[in-house]
Amino acid sequence: MKIYYSILLFFFTLCTFSQEICNNGIDDNGNGLIDLRDPECACTPAPKKSLVPNFDFEEYSSCPNMMGQFYKVAPWMQGTMGTPSYYNKCGFVLPDLDMYPPDGFPPNDEPVFFPSGNGIAGAVMSSNIVENIKATLTTPIPAGAEAELNLKVCAIIYRNNPPNPYDKVIADLTPINLTIYGSPTVSNIPTFLGGTPVGPGSPWVELGNVPYDPKPNWQDVTINFTVPFVIKQIMIGGPEVMPEAYHVPFMHLGSYPYFLYDDVIINTADSGDLFIRKEGSLCSNDLTLTAVLNAPAAGNVVYQWYKGGYPVFINGASSVLDVSDGLYADKTGTYTVKVFDGTTCYENSYTVNTVIPMPRYIMTTAACETLGSILFTSPAEEYSINNGFSWSTNPLFEGLSYGYYYLLTRTAGCVSSPRTATMDEYPDNLPQPYILTTQPDSCADIGSIEVFDQSDYYSYDNGLTWTTSNTLVDVPAGDYLVLIKDETGCTSLPKTVTLTSYANNFAPPIGDAIQYFCVSEVSTVQSINADGNAIRWYDAPLDGNLLPNNTPLVDGQTYYASQTVNGCESKTRLEVTVIINTTLNADDYDTQICDIGNAGDEFIDLSDFDSYLTPSTSYFFHYFTTASGAETQNFDEEIINFRDFQIFGPTTVYVRVTNQGSCYKVVELKLDLLAPPVIPLKDRLPVCERKSIIVDAGAGHDTYLWSTGETTRTIIISQPGPYSVTVTKDHGKVTCDATKDFTVFLSNIATITDVEVSDWNQTENVITVILSPNSVGDYEYSLNGLSFQDSNVFTGLPGGLYTVYVKDKNGCGMTDDDFYVISFPKFFTPNADGYNDTWKIQFAQAGDQFITEIYDRYGKLLKKLRSNEGWDGTVDGTQMPTNDYWFKVTGNDGKELRGHFTLKR
């Protein structure tokens with residue numbers, strides 16, 4: 001009746017907005033907060049405790065400035081594939097939140113974006129990528145201990161693919177089982193088994209999960225679980241099998257469902273100040289929650305229970321809440337208890353639901369003559385492997401053949417979500433063993449291997465030797481091939497297990513295997529050039545005596561160096577043989593340099609020849625123009641610009657080679673400048689139409705390579721276009737090459753289409769030779785076939801019959817054509833003797849059109865003649881007298897020819 005009264009009072013008492021009364025279940029002051037949740041009720045919150053260090057993500061190495069910097073919130077670390085992110089108000093928060101759907105999620109400039117403090121974590125939650133986060137517990141959770149996880153979760157859709165927008169919103173996401181995993185070992189390396197850390201050879205197991213309905217605001221989520229063995233690390237993230245709603249198509253990759261986390265609190269029944277213990281079940285209608293206060297009470301203890309922020313049990317002296325006897329029809333949800341001892345307030349939550357997570361199991365696959373088995377590892381009252389057709393109280397099902405099994409658990413009438421288990425067929429072998437490893441974590445560099453499968457015999461060296469022990473302890477780092485074998489002799493497939501070296505495989509220092517020293521030096525083992533950390537020198541490759549740093553070097557002696565990394569000394573050692581000379585191991589060297597541009601000089605880097613002067617890589621080199629300058633180190637004769645040194649011909653450079661001590665040697669570097677091969681080809685070569693040419697790259701070269709792919713000295717070309725040829729000349733130490741680019745162009749015999757005559761007169765006519773557009777050659781012109789000119793125009797020609805010759809300069813041939821230049825006779829004698837009886841324009845062609853007008857000395861028009869007509873010396877039948885007469889010839893183009901002639905009788 002106490003619960004009933006409190007709830008009725010809460011719903012029906014009128015608010016007067018007065019001082020909050022702290023034990024009546026009513027919001028007295030109207031601020032939405034009831035009793036101990038109201039700040040007016042004096043109650044000092046107890047500091048939060050958690051077995052997870054930095055549970056609120058407030059401690060960081062530096063402010064984040066981009067996504068994927070989860071390493072800045074140590075000791076948190078990446079759990080599986082993918083890179084979680086860290087957000088803090090001091091720096092990077094989230095990309096532009098305009099990309100996210102307007103689901104009520106606040107912008108990043110509002111304090112509520114961070115539910116508490118300044119830091120939160122973010123991780124992708126999709127079937128493509130699941131970014132789990134993990135941390136090492138401050139205190140391991142002992143085997144069989146009850147524990148709980150409380151955390152704050154918020155879901156958004158992270159969009160980062162503008163060309164192909166991802167159209168899902170939070171409402172499209174189905175409920176998902178938030179999962180906590182545990183490991184008995186500690187590792188700083190992510191587990192790359194996909195989205196889940198659970199798998200063959202992995203130390204991780206699922207500890208518990210809880211259905212979470214994604215919302216774009218912060219929710220408190222609780223997972224209660226019992227650990228099967230000692231747990232040192234925990235991991236939080238998605239389930240082994242992701243729901244279909246979390247799949248992101250390939251075209252949308254870059255946009256994902258995204259979960260935010262804060263206040264990850266894990267405690268056992270003994271480690272926290274306040275723990276909630278569950279008894280019974282909603283399914284059996286006998287569920288009770290008991291608040292266990294471990295902290296010492298300062299006075300009388302008061303318990304107030306809330307569901308979704310509303311009171312369900314106020315000012316109770318009892319720590320037990322009978323959930324099944326409540327007034328709420330829907331009893332699922334998150335219940336919060338607030339405990340007040342008169343001074344300090346303690347608060348904790350418990351999530352109640354009727355959904356039992358998918359069962360966990362271990363499968364032994366049928367193999368050889370042995371049938372398989374399924375062992376449920378999730379505690380329950382009953383178990384089924386046939387989707388509930390039959391049930392058993394025994395979690396072990398044996399005698400199973402290969403196929404599909406549908407697993408369910410049932411407790412107090414509540415049935416779990418189904419899980420499909422596939423038992424593959426192995427007709428010839430037992431399945432690979434399930435293995436847990438303890439990786440090397442000290443300088444001893446030893447670890448352990450434990451086989452979980454029960455078997456008669458075990459092998460860790462691929463069957464060479466067998467033992468009845470399922471553990472291999474204190475063995476060195478390396479690869480192991482693990483097998484199991486039953487009493488019938490049936491063996492498993494091998495399982496490769498790697499124990500990773502703790503000290504980076506104990507690599508030795510790095511250095512030259514042979515090192516040279518000068519007799520004038522006082523060299524010790526410390527003078528040997530080796531790159532490493534905390535180097536120690538010994539007189540043997542294994543064990544041996546540690547040599548002091550001042551141990552003198554002995555010619556021909558081999559010394560052995562180790563290095564120390566992470567406090568561990570390398571097992572293998574660098575071997576260095578010492579050679580002590582009276583001088584350095586350096587010699588003269590001569591070579592040849594190709595004059596690439598054939599300019600008579602070349603710029604070279606003298607240090608390119610250091611390796612030819614000496615095999616040592618630890619010497620120093622200085623370059624001089626004279627031998628004496630090198631001997632005396634005369635800096636005035638030292639070549640400063642040795643990386644861009646110019647030579648014009650045979651040159652000798654004197655190189656002073658020194659070591660780290662006082663030993664040196666002067667050697668000669670002789671350089672000879674070689675002219676490149678000469679290719680005697682013009683830039684342009686003609687080829688006559690429908691013919692070909694032979695192109696010759698010249699004699700004396702060692703190789704030829706044309707752009708056509710041919711490798712002979714000469715090639716035949718019939719098509720115009722760009723071509724090239726590269727030739728080489730082998731000088732022994734160096735091979736010089738040269739390349740010639742040239743163009744083959746088309747040429748042909750000319751085609752004359754017309755000869756135009758202009759500027760008519762008796763002795764100074766002008767002609768122009770016209771060629772067809774198809775004439776593409778380079779031509780010269782002549783009127784006698786002997787003397788040629790480049791111009792196609794001839795001037796100063798008297799009338800008469802001519803032949804014009806056009807010749808291609810490229811040798812493709814010559815063509816000719818005949819033509820006439822008109823003229824007129826100086827006199828005529830019309831006396832009917834058959835000679836010079838008429839006067840007319842001479843050499844006119846049949847196609848010429850012109851008018852000839854004849855005048856007397858007074859300018860009187862006497863006669864008008866057409867093109868080829870002649871004048872017989874009469875006008876209207878009257879013979880004209882002996883005298884001079886004038887004429888004018890007018891062509892169709894308006895040009896005129898004027899002159900005079902004599903009529904004689």
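Numbers here are sequence positions counted from 1. Computed from heavy atoms alone, side chains included, the values below leave out hydrogens, waters and symmetry copies.
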Quiz item: Are the side chain of T572 and the backbone of A507 linked by a donor-acceptor contact shorter than 3.5 Å?
Solution: no
Quiz item: Has R656 got its NZ or CZ under 6.0 Å from the middle of the six-membered ring of Y664, at an angle within 45 degrees of the ring axis?
Solution: yes
Quiz prompt | Interatomic distance, L436 atom CG to F229 atom CZ [nearest 0.5 angstrom] | solution = 7.0 Å
Self-check item: Donor + acceptor pair across side chains of Q633, H622 (<3.5 Å)
Solution: no
Exercise. Tell me whether the centres of the aromatic rings in Y458 and W466 are closer together than 6.0 Å.
Key: no
Quiz item: Quick check: does any side chain N or O of D461 sit under 3.5 Å from a backbone N or O of L464, one acting as donor and the other as acceptor?
Solution: yes
Quiz prompt | Distance-only donor-acceptor check, side chains S570 and S562, under 3.5 Å | solution = no
Quiz prompt | S455 (side chain) donor-acceptor with K485 (main chain) under 3.5 angstrom | solution = yes
Quiz item: Hey, mind stepping through E148 and I223 against side-chain contact (heavy atoms from CB on, under 4.5 Å) and telling me if it holds?
Solution: CA-CA 6 Å; E148 65 180 5; I223 302 177; over 6 Å; no
Self-check item: Y612, OH atom: more than 12 neighbouring heavy atoms under 6.0 Å
Solution: no
Exercise. Please examine the side chains of L137 and T139, heavy atoms only from C-beta on, and report whether any two atoms are closer than 4.5 Å.
Key: no
Practice problem: Please state whether the rings of Y86 and Y60 are parallel, tilted or perpendicular, taking 30° and 60° as the class boundaries. | Solution: tilted
Quiz item: Which heavy-atom pair separates G532 from P509 by the least distance, and what is that distance?
Solution: CA-CB, 4.3 Å
Quiz item: How far does CZ of F621 sit from CZ of F609, to the nearest 0.5 angstrom?
Solution: 13.0 Å
Self-check item: Sequence-distant partners of N65, side chain to side chain donor-acceptor pair (under 3.5 Å), two or more places apart
Solution: Q69
Quiz item: Between CG of L472 and CD1 of I435, what distance do you get to the nearest 0.5 Å?
Solution: 10.5 Å
Quiz item: Does any non-hydrogen side-chain atom of R573 lie less than 4.5 Å from one of P541?
Solution: no
Quiz prompt | Heavy-atom side-chain contact between I510 and L574 under 4.5 Å | solution = no
Quiz item: Quick check: are there more than 12 heavy atoms from other residues, nucleotides or ligands sitting under 6.0 Å from CD of E58?
Solution: yes
Quiz prompt | Exercise: identify the closest heavy-atom pair between I535 and A530 | solution = CD1-O, 3.6 Å
Quiz prompt | S85 side chain near Y258 side chain, heavy-atom distance below 4.5 Å | solution = yes
Exercise. Enter the distance from L151:CG to F55:CZ here, rounded to the nearest 0.5 Å.
Key: 12.5 Å
Practice problem: In sequence, state the C-alpha distance, the side-chain angles, and the governing distance for I141 and L51, and then conclude on side-chain contact (heavy atoms from CB on, under 4.5 Å). | Solution: CA-CA 9 Å; I141 302 176; L51 295 177; 3.8 Å; yes
Exercise. Verify the neighbour count for atom OH of Y457: are there more than 12 heavy atoms of other residues, nucleotides or ligands below 6.0 Å?
Key: no
Exercise. Kindly give the heavy-atom pair with the smallest separation between A155 and Y212, and that separation in Å.
Key: N-OH, 3.6 Å
Practice problem: Carefully, step by step, assess N209 and L178 under the rule side-chain contact (heavy atoms from CB on, under 4.5 Å). | Solution: CA-CA 5 Å; N209 59 58; L178 277 180; over 6 Å; no
Quiz item: With distance as the sole criterion, is a donor-acceptor pair present between the side chains of S607 and R643 under 3.5 Å?
Solution: yes
Quiz item: Is it true that a side-chain atom of E450 and a backbone atom of T471 form a donor plus acceptor pair closer than 3.5 Å?
Solution: no
Quiz item: Within the side chain of K134, is there an N or O that forms a donor-acceptor pair under 3.5 Å with the backbone of S187?
Solution: yes
Exercise. Quick one: pull up CD in Q515 and CZ in F517 and give me the separation to the nearest 0.5 Å.
Key: 5.0 Å
Quiz prompt | Close side-chain approach of D262 to P115, heavy-atom, < 4.5 Å | solution = yes
Quiz prompt | K48/D263 under salt bridge (charged side-chain N to carboxylate O under 4.0 Å, His left out): CA gap, chis, key distance, verdict | solution = CA-CA 9 Å; K48 294 179 181 179; D263 288 352; 3.0 Å; yes
Quiz item: How far apart are the closest heavy atoms of V497 and I449, and which atoms are they?
Solution: CG1-CD1, 4.1 Å
Exercise. For residues Y460 and N470, report the shortest heavy-atom separation together with the two atoms involved.
Key: OH-C, 3.0 Å
Quiz item: Got K495 and Y480 here, is their nearest side-chain heavy-atom distance under 4.5 Å?
Solution: no
Practice problem: Go through the structure and list residues passing side chain to side chain donor-acceptor pair (under 3.5 Å) with T185, not counting sequence neighbours. | Solution: S183
Quiz item: Between the side chains of N550 and T524, is a donor N or O closer than 3.5 angstrom to an acceptor N or O?
Solution: no
Quiz item: What distance separates L483 CG from S459 OG, expressed to the nearest 0.5 Å?
Solution: 5.0 Å
Quiz item: So, the side chain of D453 versus the backbone of Y434: is there a donor-acceptor pair under 3.5 Å, distance only?
Solution: yes
Self-check item: Expected output: side-chain D555 to main-chain I580 donor-acceptor under 3.5 Å
Solution: yes
Quiz item: Just wondering, do I120 and D56 contact through their side chains at under 4.5 Å, heavy atoms?
Solution: no
Quiz prompt | side chain to side chain contact (heavy atoms under 4.5 Å, CB included) partner of V576, chosen from T558, L553, I528, N529 | solution = I528
Exercise. Determine, stepwise, if the pair W537 / Y560 fulfils ring-ring contact (aromatic ring centres under 6.0 Å, His included).
Key: CA-CA 5 Å; W537 289 98; Y560 306 88; 8.8 Å; no
Quiz item: Will you find, in the side chains of S616 and N585, an N or O donor that is under 3.5 Å from an N or O acceptor?
Solution: no
Practice problem: Examine the side chains of D539 and N545 and answer whether a donor and an acceptor come within less than 3.5 Å of each other. | Solution: yes
Self-check item: V130 vs V124, side-chain contact (heavy atoms from CB on, under 4.5 Å): CA-CA, chis, key distance, verdict
Solution: CA-CA 6 Å; V130 179; V124 172; over 6 Å; no
Practice problem: Taking Q432 for its side chain and P494 for its backbone only, find out whether a donor-acceptor pair lies under 3.5 Å. | Solution: yes
Practice problem: Can you see which heavy atom on E206 is nearest to which on V198, and at what distance? | Solution: N-CG2, 4.2 Å
Practice problem: For atom NZ of K232, decide whether the heavy atoms of other residues, nucleotides or ligands shown that lie under 6.0 angstrom number more than 12. | Solution: no
Quiz item: Does D456 have any side chain to side chain donor-acceptor pair (under 3.5 Å) partners at least two apart in sequence or in another chain, and if so, which?
Solution: none
Exercise. For the residue pair V52 and I265, establish whether any side-chain heavy-atom pair is separated by less than 4.5 Å.
Key: no
Quiz prompt | Side-chain donor/acceptor of N177 to backbone N/O of T179, under 3.5 Å | solution = no
Self-check item: Main-chain N/O of Q563 paired to N533 side chain as donor or acceptor, under 3.5 Å
Solution: no
